[in-house]
Amino acid sequence: MTIHPTAIVHPSAVIDDGAEIGAGALVGPFATIGSRVTLGESVEVKSHAVVTGVTRIGDGSVIFPFACVGEIPQDLKFGGEETRLEIGARCRIREHVTVNTGTQGGGGVTRVGDDCLLMAGSHVAHDAQVGNRVILVNNAALAGHCEIGDDAIIGGLSGVHQWVRIGRGAIIGAVTMVTSDVIPFALVQAPRGELDGLNLVGLKRRGVSRADITALRAAFETLRQGEGTFQDRARRLGAESGSEFVREIAEFVLAPSDRGFLTPS
């Protein structure tokens with residue numbers, strides 16, 4: 001066990017031998033820290049939270065009461081192999097959140113990027129790869145092997161099917177089932193997950209230029225009603241557009257997919 005002299009650990013907390021507690025960290029009452037956990041600088045683990053497994057928590061992250069971070073996957077194929085969980089810096093992991101380690105068959109590691117907000121009751125399953133500044137609203141759930149791009153927002157009570165990719169800057173409305181890949185900057189809503197347009201509010205908030213937004217609107221219309229297959233339309237967009245945002249959509253569509261795509265209605 002290594003506890004930095006500037007860390008503060010409540011006397012009732014349980015810190016297993018082998019844990020590493022960084023400078024300025026705070027571990028609250030009745031919190032539990034496993035033997036293979038590393039807490040970065042200024043990490044706070046509040047009362048009754050559990051951090052276990054081969055887990056690294058990045059600097060400045062906060063884990064709220066009754067969250068369970070780093071437990072084994074909810075996967076019947078899991079055979080006890082050593083896998084990991086990596087959580088980035090300045091994340092906020094709220095009450096009753098669960099984040100599982102990876103599986104051998106899925107790459108062995110679950111990752112959550114920097115500056116993410118996982119609201120109360122949300123879930124990140126084994127082998128998921130979550131980008132930076134992602135928000136999971138209350139009780140949203142990511143199944144195994146999902147890939148979530150930077151700045152995506154998953155609405156409350158929504159579920160994302162295993163192996164689904166959600167592109168950068170996309171937004172998923174509340175109470176939505178997502179069973180197919182979602183292109184970057186998309187707006188998806190309705191119970192069965194319909195691609196309903198672009199996340200224009202998110203684009204404007206991030207300062208995307210008017211020219212790029214206009215190009216994205218045109219690209220969306222091409223994907224919706226252009227000639228050829230969905231991939232054919234994306235291929236043309238990638239070749240013809242001068243917008244890096246449109247090219248990002250094209251590259252996303254042309255990349256390998258295990259679930260197919262939500263296409264514009």
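- The pair K46-E44 counts as a salt bridge, with a side-chain nitrogen and a carboxylate oxygen less than 4.0 angstrom apart.
- By the 30° and 60° cut-offs, the orientation of the rings of W163 relative to H145 is parallel.
- Closest approach of A19 to I33, counting heavy atoms only: CB-CG2, 4.0 Å.
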So D181 and R165, salt bridge (charged side-chain N to carboxylate O under 4.0 Å, His left out) or not? Walk me through it. CA-CA 5 Å; D181 290 356; R165 298 180 302 143; 3.0 Å; yes
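- If you check the side chains of D196 and Q189, you find a donor sitting under 3.5 Å from an acceptor.
- With rounding to the nearest 0.5 Å, the separation of CG in L254 from CZ in R235 is 5.0 Å.
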Going through the distances and angles, do V62 and V43 end up as a side-chain contact (heavy atoms from CB on, under 4.5 Å)? CA-CA 6 Å; V62 181; V43 169; over 6 Å; no
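- With respect to R133 and D151, a salt bridge is recorded, a charged nitrogen being found less than 4.0 Å from a carboxylate O.
- Residues V130 and C116 approach most closely at CG1-SG, 4.3 Å, considering heavy atoms.
- We find that R224 and E221 are joined by a salt bridge, their nearest charged nitrogen and carboxylate oxygen being less than 4.0 Å apart.
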Output, in order, the C-alpha distance, side-chain angles, deciding distance and verdict of side-chain contact (heavy atoms from CB on, under 4.5 Å) for V9 and I15. CA-CA 9 Å; V9 177; I15 312 293; 3.9 Å; yes
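- More than 12 non-hydrogen atoms from other residues, nucleotides or ligands lie less than 6.0 angstrom from CD of Q225.
- The structure places CG of L195 at 8.0 Å from CG of L198, a figure rounded to the nearest 0.5 Å.
- With hydrogens and angles left out, the side-chain atoms of S42 and D59 include no donor and acceptor closer than 3.5 Å.
- Here CG of L26 is found 10.5 Å from CG of L39. Values are rounded to the nearest 0.5 Å.
- C68 and E71 get closest at one heavy-atom pair: SG-CG, 3.5 Å.
- Considering every non-hydrogen atom in both E248 and R168, the closest pair reads OE1-NH2, 2.7 Å.
- In this structure, the separation between NE2 on H126 and OG1 on T103 is 5.5 Å, given to the nearest 0.5 Å.
- In this structure, E82 pairs ionically with R36, as a charged nitrogen and a carboxylate oxygen lie closer than 4.0 Å.
- More than 12 heavy atoms of other shown residues, nucleotides or ligands fall within 6.0 angstrom of atom CZ in R206.
- Shown here is Q104, whose CD atom has no more than 12 heavy atoms of other residues, nucleotides or ligands within 6.0 Å.
- Of the inter-residue distances, the one linking L203 atom CG with L187 atom CG reads 10.5 Å to the nearest 0.5 angstrom.
- Note that the CD1 atom of I166 and the OG atom of S180 stand 10.5 Å from one another [nearest 0.5 Å].
- Cluster membership for V208 and F252, using ILVMFWY side-chain heavy atoms within less than 4.5 angstrom, is shared.
- Between D115 and R90 there is a salt bridge, since at least one side-chain N of the basic residue sits less than 4.0 Å from a carboxylate O of the acidic one.
- Q74 and H123 share a donor-acceptor pair across their side chains, judged by distance under 3.5 Å alone.
- Ion pairing between E86 and R56 fails under the 4.0 Å rule for side-chain N and carboxylate O.
- Between F261 and F230, the angle of the ring planes lies from 30° to 60°, which puts this pair in the tilted group.
- With no hydrogens or angles considered, no side-chain donor-acceptor pair links T110 and D127 at under 3.5 Å.
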Please test L136 against L142 for side-chain contact (heavy atoms from CB on, under 4.5 Å), starting from the C-alpha separation and ending with a verdict. CA-CA 9 Å; L136 301 187; L142 305 181; 4.1 Å; yes
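- Across S12 and F30, no two heavy atoms sit closer than the pair OG-N, 3.0 Å.
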Before giving the answer on side-chain contact (heavy atoms from CB on, under 4.5 Å), spell out for L223 and I183 the whole-Å C-alpha distance, their side-chain angles and the decisive distance to 0.1 Å. CA-CA 11 Å; L223 289 174; I183 61 173; 4.1 Å; yes
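- A donor atom on one side chain and an acceptor atom on the other are found under 3.5 Å apart for D212 and S243.
- Nearest heavy atoms, A234 versus A250: O-CB, 3.2 Å.
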